[in-house]
Amino acid sequence: MDMTTMEAYLAIIKEELVPAMGCTEPIALAYAAAKGREALGVDPESIVAWCSGNIIKNVRCVTIPNSGGLTGIETACIIGAVAGDPEAKMEVLEHVTEPGRKRTRALVEEKVCKVKFLESEIPLHFILEMKAGEDEVSVEVRHAHTNIVEIKKNGEVIFEKSKETAENGDATDRSILSIDGIKEFADTVPMAMIRDIYERQIRYNMDIAYEGISGDWGLGIGRTIRECYTDSVVTRMKAYASAASEARMGGCDLPVIINSGSGNQGIASSVPVIIYAREMNIPNERLYRALALSSLLTIYQKEFIGKLSAFCGAVSASTASAAAITYLVGGTTEQIKATIDNTLANIPGIICDGAKISCAAKIASSLDAAMMAHHLAMKGKEYEAYTGILKEDAGETISCVGYIGKVGMHQTDKEIIKMMLE
């Protein structure tokens with residue numbers, strides 16, 4: 001791989017694999033609120049949060065970290081405004097103290113924040129309007145969690161991105177990604193370029209996995225899987241990955257390294273690979289290369305689907321994890337592609353009905369299907385092209401699944417949101 005392409009792949013990894021505390025949609029609201037308060041100069045007396053359906057769907061059921069157990073859009077906006085650190089971006093709530101929590105609880109009870117539905121074709125889209133005295137500030141975010149496109153104060157634009165930057169962000173062009181290119185990058189990237197990235201990912205995401213297994217989060221799905229299923233490496237992969245998700249959805253204040261704007265995708269694309277490599281005594285350098293492959297395969301799939309949709313991201317991330325395990329054990333490029341096709345022949349229809357603790361169960365189920373796909377691929381077994389939605393090449397299959405998730409399930413997404421709002 002030429003150095004220019006390799007550096008572009010590395011830039012994509014660095015843009016996507018960033019730390020975040022808690023579910024990313026409420027954290028995005030908290031970050032925007034912290035930026036709004038910064039522009040306002042004082043704590044807001046009222047907030048109106050105009051939110052697209054997918055923002056509402058992904059915030060209403062999760063606990064906000066460092067909030068003392070509070071949930072919902074109102075909490076996310078208020079705690080970000082009165083106690084958030086705007087410089088910390090997706091870790092905006094890391095340093096919230098007890099006075100900040102107390103102030104948040106009081107303002108939530110006073111109902112200073114109102115939530116309104118934003119009619120928008122952009123899944124990730126919200127506008128916060130904040131007032132204090134005679135002053136008013138609005139903050140608009142589109143497409144990506146920290147992509148603030150405009151800030152106004154008293155009707156005057158004080159920050160604005162160009163139309164092209166607002167729509168596409170400052171991100172490196174993802175169209176250069178391909179399965180063959182991702183495999184080549186994983187094989188050839190100098191270890192010094194990725195070691196620190198994946199040592200941090202392992203540290204962060206395994207810390208929350210251990211917390212999920214040992215702590216009292218949600219239904220305790222990780223411990224249940226370990227106790228009730230036959231002990232095996234796949235059982236442990238499912239247990240630790242789902243436990244990490246459940247802790248995160250339950251308000252654990254440990255950060256995770258996210259992927260494609262999602263902590264659950266960051267967990268599902270890394271924790272199973274780490275568990276497998278450790279169980280099989282695979283050297284760290286091989287693990288780092290497998291994690292690079294898993295990261296990029298997740299990003300590649302999500303480029304077709306979009307950051308938020310009716311398609312569950314656990315499927316994409318688990319597909320990538322299983323493909324990375326095929327890579328770990330010496331599978332060929334064709335076997336990696338077979339792992340992808342075999343998974344997507346099975347579970348391309350799990351819906352996303354919002355962020356919540358049951359996302360952990362979806363990760364466990366997706367990993368189960370993905371590992372079955374891996375074992376089939378390693379035995380030289382693969383579903384034939386043109387059966388169902390499968391195409392001749394796994395990359396084409398990914399694009400078809402992405403089209404179904406983004407376009408075909410668009411109305412499904414609306415109906416899910418409608419049911420949740422009712």
Side-chain angles (χ1 to χ4, degrees), residues 8-9 11-18 20 23-25 28 52 54-55 57-58 90 122-125 142-147 167-179 181-182 185 201 205 241 245 256-270 272-273 291-324 339-340 343-344 347-352 354-355 359 362-363 366-367 370 389 394-410 412-413:
Y9 272 50
I12 291 169
I13 289 173
K14 289 180 177 178
E15 288 163 6
E16 297 287 7
L17 270 63
V18 296
C23 181
T24 48
E25 279 71 53
S52 64
N54 273 274
I55 292 294
K57 183 174 77 170
N58 282 325
M90 295 301 283
I122 303 170
L124 199 167
H125 190 189
R142 294 185 183 186
H143 298 296
H145 296 79
T146 59
N147 188 36
E167 296 303 311
N168 302 314
D170 301 310
T172 305
D173 181 13
R174 279 20 175 197
S175 67
I176 64 170
L177 294 175
S178 68
I179 297 174
I182 290 167
F185 176 86
Q201 185 186 57
N205 291 3
S245 170
V256 301
I257 301 300
I258 67 175
N259 186 306
S260 302
S262 165
N264 281 339
Q265 287 164 193
I267 288 165
S269 64
S270 62
V273 185
L291 288 171
L293 183 133
S294 185
S295 300
L296 287 166
L297 275 177
T298 303
I299 296 163
Y300 177 55
Q301 293 175 82
K302 292 298 292 183
E303 278 304 296
F304 293 99
I305 299 168
K307 282 188 164 47
L308 299 177
S309 74
F311 186 93
C312 177
V315 173
S316 305
S318 298
T319 300
S321 261
T339 302
I340 295 168
T343 308
L344 296 179
I347 53 166
I350 298 178
I351 65 166
C352 172
C359 292
K362 295 184 181 185
I363 289 174
S366 296
L367 283 171
I389 60 172
E396 294 179 38
T397 300
I398 286 171
S399 71
C400 288
V401 170
Y403 183 85
I404 291 168
K406 189 173 186 176
V407 179
M409 296 177 78
H410 184 64
T412 302
D413 205 30

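Here the side chains of Phe185 and Ile13 are in contact, with some heavy-atom distance below 4.5 Å. For the pair Ser318/Thr343, no side-chain contact is recorded, criterion being any heavy-atom separation below 4.5 Å from C-beta on. In this structure, the side chains of Thr412 and Phe311 stay at 4.5 Å or more apart for every pair of heavy atoms. In this structure, Thr397 and Ile340 have side chains that are not in contact, with every pair of non-hydrogen atoms separated by 4.5 Å or more. The shortest distance between side-chain heavy atoms of Glu16 and Arg174 falls below 4.5 Å.
With hydrogens and angles disregarded, no donor-acceptor distance shorter than 3.5 Å links the side chain of Ser269 to the backbone of Ala320. For the pair Lys362 (side chain) and Gly313 (backbone), a donor-acceptor distance under 3.5 Å is absent. Of the possible donor and acceptor atoms, one in the side chain of Asn259 sits under 3.5 Å from a partner among the backbone N and O of Ser295. At least one donor-acceptor pair under 3.5 Å links the side chain of Glu15 to the backbone N or O of Thr172. Between the Lys57 side chain and the Asp413 main chain, no donor and acceptor come within less than 3.5 Å of each other. Listed for the Gln301 side chain is a donor-acceptor partner under 3.5 Å among the backbone atoms of Ser316. Without hydrogens or angle criteria, Ser321 side chain to Ala268 main chain gives a donor-acceptor distance under 3.5 Å.
For Ile404, the side-chain contact (heavy atoms from CB on, under 4.5 Å) test picks out Ile389, Met409, with sequence neighbours left out. Every residue two or more places apart in sequence or in another chain that forms a ring-ring contact (aromatic ring centres under 6.0 Å, His included) with Tyr300 is listed here: Phe304. Judged as a salt bridge (Lys or Arg N to Asp or Glu O under 4.0 Å), and not counting sequence neighbours, Glu25 has no contacts.
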(Q) Test side-chain contact (heavy atoms from CB on, under 4.5 Å) on Ile179 and Ile398; report intermediate values, then the result. (A) CA-CA 10 Å; Ile179 297 174; Ile398 286 171; 4.0 Å; yes
Q: Let me see the working for Val401 and Val315 under side-chain contact (heavy atoms from CB on, under 4.5 Å), right down to the final yes or no.
A: CA-CA 11 Å; Val401 170; Val315 173; over 6 Å; no
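For the atom pair CD1 of Ile350 and OG of Ser366, the computed distance is 4.0 Å after rounding to the nearest 0.5 Å. To the nearest 0.5 Å, the span separating CD1 on Ile12 from CD on Glu303 amounts to 8.0 Å. Rounding to the nearest 0.5 Å places OG of Ser294 at 10.0 Å from CD1 of Ile182.
Closest of all the heavy-atom pairs between Ala20 and Ile258 is CB-CG2, 3.6 Å. A pairwise comparison of heavy atoms in Gly263 and Val256 identifies CA-CG2, 3.8 Å as the closest pair. Shown here for Gln201 and Leu17, the closest heavy-atom pair between the two residues is NE2-CD2, 3.5 Å.
Side chain to side chain, Ser52 and Asn54 fail the donor-acceptor criterion of an N or O pair below 3.5 Å.
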